[in-house]
Amino acid sequence: MTGDGGVGEFIPQKEIVYNGLLPYCDRLDREAVELLAEIKANLSRAVLLRELWPGVAFWSRKLFSFLKLYGRRFSKEDHILFINLLYELVTLPNLEPHMMCSYARLLIQLLKKKELLSRDDLQLPWRPLYELYERIIYSKTEHLGLVWFPNSVDHILKALIKSCRLYFPAPSTREMLDEWRPLLCVFDVAMQKGISNMELFLPTIMPPEEHSQGFQLWFDELMNLWMSVQNQPSWEGHLVNLFARLANDNIGYVDWTPYIPTIFTRILRSLNLPVGVNQMVAPRYLINSYDVGYLVLWITALLGGPGNPAQKELTCLFSSIACFYHPSNHGRWQSRLMRLLQRLPASVVRRVHRERHAGPSWITVVPECQRLTDADLQAFTRSLTGAALLAMFSKTGSTDAAYALQNLALLTPELVIPPVLEKTYAAMATLTEPHTLTATLSCMIGMARSLVSPDDRYPEGRAHVLPLLMGSLPGVDPNDFSKCMITFQFITTFTTLVPLVDCSSAPSLQTDLTEVNPSQVLSICASDYRRQKTKKTTTIWTSKIGDD
């Protein structure tokens, strides 16, 4: 297919691949081209005529529908033009709030896939967006009833800034610091505004040659400020969020080694765990806790590197808080600890995918010396396994522990699966503790894929499928609904991952079959295997099938 005007080959930014499976997919190309041409013509005409309502609003909604139906099925040039046009519309002065929110939602969708446009392709000025933010968030007339903003305007505007800050020009960081550095006074309430603006606007994704114009201008100053303040002020959470984002976006380019002990000490303090005889926590410490999502991001970015110093601190951290995961301990700290346990392995899985399996992108890759090795992943798993095994039987449920064990099993199945299997077999043999069986089956469901995976990281796992399925049959108990449903989910999961093939004739054709010997039976039942379309399934074969 040719592009606009028939010059060159049309390369879409990112299509919806599932559209090619529709029965009328041959007509979609023509319909998409016609609709896009109509949107471009009428949207530009409405802008030239200054017809914001209904012209621009109507055709911007048409563009939003186009993105939902066809994805980003336009050229890079059109993509950049759409973004520049919507950015100008969003930052128009005195624009009605509901129209601004509508344009902002569309602009967020256009900027969502950051790998499609690099900083060389697109540059957006930061000051018009900052002026819009000041005009709306710190409005002097809203509380008087002279202007009305939708309830979601705060959330939408912050999401827009987060999408746009990637494309702020390199000199923007110095301009922002000149704007907000006068507000940094620890004895003034303006400190909160200055730090929150820095967290929201400062760009952190830059090529290494621009680091001198980026975070290197403010890192030492803000880090020394954070190290000096010990009374957990209200703005400290914003500073932690900024550091976490910086660490995640620049793994290997920021030296955190001198600050790692202090970082983990502050993290431990922010968990608000009761210590001492009275077990009391000051009210302000309950309010000024760090965001667990950013803490997880920060910890994940610190791992790896020569010596892996952060892993030693992480091991000490979980060793000190492991007793709080015990089922007998329950309190206000429980939810934060469970969120930390759930999100940390998932964040490490995302980092491993980013380092080993992500496609090529203009974003700076993690240096080879800072990437997580298999030894690093094993040390990480050992530090969390104890807490996860205790959290399986938590009073809040086993869901968070199941998520954590699932992600740990993806990283190092040989370390995680055996202790869970041991607890599962023990629970299946005990009829007087149904809650134990429910918790262990829930965790085994999450680890099912790693258990039957065809790779060689834990080959013994495939031999456990039949004993597990047979042992779970007593769980089909209509008198205990929760146990019955989790048992059915357990059986469904494994029978979905493992194809069931009739191979009763295999023992008569092959005499050297072992308890688990899928390779030899594979050659016997090749015709049955051709019906299996996936390569990531495993078949469990035993000679007992032929004997029956």
Side-chain angles (χ1 to χ4, degrees), residues 13-14 32 34-74 77-114 116-117 121-169 172 193 196-197 200-201 203:
Q13 285 287 79
K14 191 175 183 62
E34 293 175 356
L35 180 58
L36 181 62
E38 187 179 12
I39 291 173
K40 290 164 60 177
N42 290 283
L43 183 60
S44 59
R45 185 181 297 112
V47 172
L48 290 174
L49 295 176
R50 299 177 181 271
E51 186 186 352
L52 294 179
W53 180 266
V56 176
F58 176 82
W59 289 105
S60 62
R61 286 198 297 269
K62 280 285 188 181
L63 179 58
F64 198 90
S65 301
F66 181 88
L67 293 175
K68 292 170 63 178
L69 290 174
Y70 305 101
R72 293 154 185 80
R73 198 188 179 286
F74 36 65
E77 292 76 14
D78 288 341
H79 195 180
I80 296 173
L81 291 174
F82 278 133
I83 291 175
N84 287 326
L85 176 61
L86 266 299
Y87 190 81
E88 294 291 337
L89 291 174
V90 165
T91 55
L92 282 176
N94 302 322
L95 186 65
E96 294 184 13
H98 75 280
M99 294 181 65
M100 186 275 298
C101 291
S102 177
Y103 300 151
R105 290 191 186 96
L106 177 56
L107 186 54
I108 291 171
Q109 286 295 319
L110 290 170
L111 292 168
K112 194 172 183 179
K113 302 293 183 181
K114 59 185 179 182
L116 299 179
L117 295 175
D121 299 324
L122 180 66
Q123 295 281 319
L124 297 174
W126 71 276
R127 191 167 289 277
L129 202 57
Y130 171 63
E131 293 173 353
L132 173 66
Y133 181 76
E134 282 280 315
R135 192 163 59 247
I136 292 179
I137 302 302
Y138 300 100
S139 174
K140 298 180 180 179
T141 55
E142 182 186 13
H143 67 283
L144 300 175
L146 300 179
V147 64
W148 175 82
F149 295 119
N151 294 331
S152 60
V153 66
D154 188 6
H155 173 73
I156 293 175
L157 198 53
K158 288 183 178 180
L160 177 63
I161 296 171
K162 292 176 183 178
S163 300
C164 292
R165 67 188 174 201
L166 175 65
Y167 301 102
F168 290 159
S172 298
K193 180 180 179 181
S196 62
N197 286 344
L200 193 59
F201 280 89

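- With contacts defined as side-chain heavy-atom distances shorter than 4.5 Å, the pair L129/Y87 qualifies.
- Considering OH of Y103 and CD1 of I156, their distance stands at 14.0 Å, rounded to 0.5 Å.
- Residues L92 and M99 have side chains not in contact (no heavy-atom distance under 4.5 Å, counting atoms from C-beta outward).
- Counting non-hydrogen atoms of other residues, nucleotides and ligands closer than 6.0 Å to NE2 of H98 gives a total above 12.
- Classified by interplanar angle (parallel below 30°, tilted 30° to 60°, perpendicular above 60°), the ring pair F66/F74 is parallel.
- To the nearest 0.5 Å, the span separating OG on S65 from CG on L63 amounts to 8.5 Å.
- Taking P169 as the reference, Q123, P171, S172 meet the side chain to side chain contact (heavy atoms under 4.5 Å, CB included) condition, with sequence neighbours excluded.
- Side-chain N or O atoms of S139 include none that pairs as donor or acceptor with a backbone N or O of I136 at under 3.5 Å.
- Across L67, L106, L43, L107, a single residue satisfies side chain to side chain contact (heavy atoms under 4.5 Å, CB included) together with F82, and that is L43.
- Side chains of I108 and K112 form no contact here, defined as non-hydrogen atoms less than 4.5 Å apart.
- Heavy-atom minimum distance, F149 versus R135: CZ-O, 4.4 Å.
- Residues passing the ring-ring contact (aromatic ring centres under 6.0 Å, His included) test with F168: none are found, sequence neighbours excluded.
- A distance-only check finds a donor-acceptor pair linking the side chain of Y167 to the backbone of L117 [under 3.5 Å].
- For the pair H79 (side chain) and L110 (backbone), a donor-acceptor distance under 3.5 Å is present.
- Residues N84 and L122 form a side-chain contact, since some pair of their non-hydrogen atoms from C-beta on lies under 4.5 Å apart.
- Taking every heavy atom of both residues into account, N197 and E134 meet most closely at ND2-OE2, 4.1 Å.
- Across every non-hydrogen atom of A41 and S44, the tightest pair is O-OG, 2.9 Å.
- Among all heavy-atom pairs drawn from P150 and C101, the shortest one is CG-SG, 4.2 Å.
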